[in-house]
Amino acid sequence: QVQLVESGGGLVQAGGSLRLSCAASGIFFRISAMGWYRQGPGKQRELVATITGGGSTNYADSVKGRFTISRDYAKNTVYLQMNSLEPEDTAVYYCNAEVRTTVVSRENYWGQGTQVTVSS
């Protein structure tokens, strides 16, 4: 099995910053891609940012220029630096990983989520 554990969420005022972390543990061959998604109250889960095994990044339009995704490949950890936070960023943030569990098998895993609340 593979487990993803998020940390770094909390309550901040508008304009503040947070840094989310997600560490993967378990038995697997390789993590090919990792990303962050979020789900606000009464809303569907949406993509925030992703990073591939080669380091290519992708961001939702709503966070471009404010959020930065990065990855420590040796530690199987992905980060999300969140700057200039706005109340609209309030959501549960979920870590995602596309995992190569064996040389021929690929699976998708989700973390339990961490709450980010931005007050105005």
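To the nearest 0.5 Å, atom CZ of residue Phe67 and atom CE of residue Met82 are 3.5 Å apart. Between Thr101 atom OG1 and Glu107 atom CD the span is 4.0 Å, to the nearest 0.5 Å. Taken to the nearest 0.5 Å, the CD atom of Gln81 stands 8.0 Å off from the OG atom of Ser70. Here the CG atom belonging to Leu80 is positioned 10.5 Å from the SG atom belonging to Cys22, to the nearest 0.5 angstrom. Between the OG atom in Ser56 and the CD1 atom in Ile51 there is a gap of 8.0 Å [rounded to 0.5 Å]. One distance of note links CZ of Arg38 with CD of Gln115; it measures 12.0 Å at 0.5 Å rounding.
Looking only at side-chain heavy atoms (C-beta outward), Tyr79 and Arg19 come within less than 4.5 Å of each other. The side-chain heavy atoms of Arg71 and Thr77, taken from C-beta on, include no pair separated by under 4.5 Å. Between Val12 and Thr117 there is no side-chain heavy-atom pair separated by less than 4.5 Å. Looking only at side-chain heavy atoms (C-beta outward), Val99 and Phe28 come within less than 4.5 Å of each other.
A side-chain donor from one of Ser17 and Asn83 sits under 3.5 Å from a side-chain acceptor of the other. No hydrogens or angles considered: nothing links the side chains of Ser84 and Glu86 as a donor-acceptor pair under 3.5 Å. Arg45 and Tyr37 share no donor-acceptor pair across their side chains, judged by distance under 3.5 Å alone.
Side chain of Ser105 to main chain of Thr102: no donor-acceptor pair is present (N/O by atom type, distance under 3.5 Å, no hydrogens or angles).
Across Ala14 and Ser120, no two heavy atoms sit closer than the pair CB-CA, 4.5 Å. Of all the heavy atoms in Ser32 and Arg106, the pair that sits closest is OG-NE, 4.4 Å. The two residues Cys95 and Glu6 have their closest heavy-atom pair at N-OE2, 2.8 Å. Closest of all the heavy-atom pairs between Met34 and Asn76 is CE-O, 4.2 Å. Closest heavy-atom contact between Thr57 and Ile69: CG2-CG2, 3.7 Å. Closest non-hydrogen pair, Tyr109 versus Asn96, comes out as O-ND2, 3.2 Å.
Relative ring orientation between Trp110 and Tyr94 is described as perpendicular, the plane-to-plane angle rising above 60° on a 0-90° scale split at 30° and 60°.
The 12-atom threshold is exceeded at CD of Glu46, counting heavy atoms of other residues, nucleotides or ligands nearer than 6.0 Å.
Residues Tyr59 and Leu47 do not share a hydrophobic cluster, defined by chaining ILVMFWY side chains whose heavy atoms lie under 4.5 Å apart.
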Next item on the list: Using the side-chain contact (heavy atoms from CB on, under 4.5 Å) rule, take Val78 and Leu20 through it: C-alpha gap first, then chi angles, then the decisive distance, then the call.
Entry: CA-CA 8 Å; Val78 64; Leu20 306 183; over 6 Å; no
